[in-house]
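Note sheet for the following structure.
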Protein chains: 2
Amino acid sequence: MGTGTRRATIADVAREAGVSTSTASVVFSGKVNVADATRKKVVAAAAALGYTGPDPRAASLRTGRSGIVGVVLGGDLRHAFLDPVTTVMMDGLTDALASISTGILLLRDDPRDDEPPAIADAPVDAVVLIGCSTRAREVLEVVRQRGLPVVVIEGDAGDDVPQVTLDNREASATIARHVRELGHRRAATITLALDPVRERAPLTAEREAAATVSITLDRLAGFREAFPDGTGITAAGSLVDEGYLAARTLLAETDGTLRADRPTAIVAQSDLLAVGAIRAAEELGLRVPDDLTVVGFDGIAADGLGSLELTTMAQPALQKGRAAGEQVVRMLEGEPGESVHFACEFRAGETAAPPAH
Amino acid sequence: MGTGTRRATIADVAREAGVSTSTASVVFSGKVNVADATRKKVVAAAAALGYTGPDPRAASLRTGRSGIVGVVLGGDLRHAFLDPVTTVMMDGLTDALASISTGILLLRDDPRDDEPPAIADAPVDAVVLIGCSTRAREVLEVVRQRGLPVVVIEGDAGDDVPQVTLDNREASATIARHVRELGHRRAATITLALDPVRERAPLTAEREAAATVSITLDRLAGFREAFPDGTGITAAGSLVDEGYLAARTLLAETDGTLRADRPTAIVAQSDLLAVGAIRAAEELGLRVPDDLTVVGFDGIAADGLGSLELTTMAQPALQKGRAAGEQVVRMLEGEPGESVHFACEFRAGETAAPPAH
DNA sequence: TTGTATGCGTTATCAA
DNA sequence: TTGATAACGCATACAA
């Protein structure tokens, strides 16, 4: 397959067509009017030489644009993909970016390796940071140095960076209060990870003090507004299995007998965690919501519940992604980016009820 | 932030450091030994000028490599993200590519728009096609013209393209036969989409004849080996909701009464479809597997089943992704790519049983 | 409407 | 170990 011979360039095409390179270039970019006869000559020459269009590398060096937007995801890609919230956000993002971008470059922001962030040498026009952790700062620094527009979705960034945020604390407080008003006094929470290490363990003052993930801390603070001394467990990630394991620990001894001091309500920081908690409860013979109230957070279509509707706070994930994309577009057009704040909405389901006596 | 002044280039750094540009370049690429004193001068100059390293666009024009691998996903990205099999494959892919690639460029292969495929002007070193449809041919053509290495995962490609394939027909036949051997005679199938239009509708001879998605057809052919005249419905996608709706149509009239001629077994072409079918059955008062057998395909961790284990064919999705990545690496090293074939494995669960009388 | 000339920022080759 | 030079392939300002 033509390995010997070098690829045709636009100069070759121009020569073959008997026009100048600029004319040939213009035929492909379509930005200037070209006489029909000329265009045909060029197209024919291109076809004859097997020229498929400008080399994107050269074009992007020249124009300064690659048409690529980098998305830096916290942690491994595998985690990111498993989380339906991220998935939906990406969806909104690609949507908003469709008009200006050829594609989305997925970059991992792995806290484990010590190389400079991959974003340092990726040919992107702009960057979106999603739920990044400790390394977010480092990434931001690199991005700023490179002078790239950047938008942060739910991460810690300075005030000078456009961000898409959620009322995590308020929303958590709302649903926790709802649980309290139902009459619950012994509530426990299952939180997302406190730090990039992602360890499943009981919540302690020390661990909390060392925490770095602000989503987790904000939601926890909201929970504490209603249950100042509620106990809790941090999950290793937003997974059904994690919710299951955490809830088992909260509800039962290791031998499977129910704990006497078990909570009457579990406030989970994600719907997936809540689904796992419900599954654990059912396995232990506790019915939801009669014997145990379980509420979630996110409002994704929770797949594991049969016909049971989860009581939760619904967050506008699609809109968050779209808003980030829109800001990127704005900034690429030279306007300043703006932060956008979203609020969650309480969604009554069937998994919360007054405690049994 | 310094909007007025142009970015520093390596030439600026070199001048500032009092060395030649080639020396400065070498300091950053690290490919050749440089005297320690020289290196320090260059690094200091870079720091002083705020130079963060070579411009990836220029570097990639010069070297001919961008460090980016393009992944073309069939249909919309949103569909792709929602499908756990794709997700897991991507995971394996990124894994295998980690050593040579900065990131993965997600490209959509939307059958709706008539522009040339986005891959035509993306600065990628290689391409992986995942589950693409009609447009796959077109994409392949573009990719070949550009002379890029390409690997296809479960799509239709010529024999000269390295592919990662699955024994779809055999695997489907295996599980369908299992159902038949349990004693079922009236089985229906819920298939994946037949064509890019993705319409939910009963399976008819005409629709089948016009179908273009080979995975669907292969799995259907396997089903037919055991149930030559089994009926079926095509789903609009691999979604729980689709399985739910399809199963409802198979099992009940529109008013919710059970159909007299309903199947005693449903063979779904994906686990998500199977989960939906189970949910529909339960809502209609049919117990699984006592009143209805439901089997799936994929062997993903099905989240919607409580403690019920789905009877299914498990496919090695992670390995498929990884294999594709490994072939890309090989080809980028100049070796020829090879096709890799994987087999599914029957996984007995608790959703299949002999029919009731 | 077309052509000329220039530079985008880098790296590879070669010679010193 | 360092430096001079020449591409890489293209798009644009400007002139014709």
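Only a predicted model underlies this, so the values are computations on that prediction, with no experimental measurement involved. Proteins come first, then strands; the chains are lettered A, B, ... in the order of their sequence lines, and each starts at number 1.
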Pick out which of B:Lys320, B:Glu154, B:Arg322, B:Gln319 makes a side-chain contact (heavy atoms from CB on, under 4.5 Å) with B:Met89.
->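 The option that passes is B:Lys320.
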Sole candidate of A:Leu106, A:Val71, A:Leu105 that passes side-chain contact (heavy atoms from CB on, under 4.5 Å) when paired with B:Leu106 |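 So the option named by the test is A:Leu106.
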Sequence-distant partners of B:Tyr51, ring-ring contact (aromatic ring centres under 6.0 Å, His included), two or more places apart |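 Per chain and number, B:Tyr51 pairs via ring-ring contact (aromatic ring centres under 6.0 Å, His included) with B:Phe28.
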Look only at the side chain of B:Ser101 and the backbone of B:Gly67, and say whether a donor-acceptor pair between them is shorter than 3.5 Å.
->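 Here the side-chain-to-backbone pair exists.
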Do the side chain of A:Arg39 and the main chain of A:Val27 share a donor and acceptor less than 3.5 angstrom apart?
->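 A pair under 3.5 Å: no.
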Which part of the nucleic acid, if any, lies within contact of [X], taking any heavy atom under 4.0 Å across all strands shown: a base, the sugar-phosphate backbone alone, or nothing?
X: B:Tyr51; result: sugar-phosphate
X: A:Ile10; result: sugar-phosphate
X: A:Val34; result: sugar-phosphate

Round to a whole Å and report the spacing from [atom1] of [X] to [atom2] of [N].
X: B:Lys31; N: D:dT1; atom1: NZ; atom2: P; result: 18 Å
X: A:Asp55; N: D:dA7; atom1: CG; atom2: C1'; result: 14 Å
X: B:Arg15; N: C:dG9; atom1: CZ; atom2: P; result: 12 Å

Choose from C:dT2, D:dT12, D:dG9 the nucleotide whose nearest atom is closest to any side-chain atom of A:Val32.
->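 So the nucleotide nearest the side chain must be C:dT2.
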Give each protein N/O atom lying under 3.5 Å from an N/O atom of nucleotides 4-6 of chain C, with the pair distance.
unit_1: C:dT4; atom_1: O4; unit_2: A:Ser22; atom_2: OG; d: 3.2

Salt bridge (charged side-chain N to carboxylate O under 4.0 Å, His left out) evaluation trace for B:Glu16 with B:Lys41 | CA-CA 9 Å; B:Glu16 173 87 10; B:Lys41 276 195 297 185; over 6 Å; no
Distance check: side-chain N/O of A:Ser25 vs OP1/OP2 of D:dA11, anything under 4.0 Å?
->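 Checking D:dA11 against A:Ser25, a side-chain N or O does come within under 4.0 Å of OP1 or OP2.
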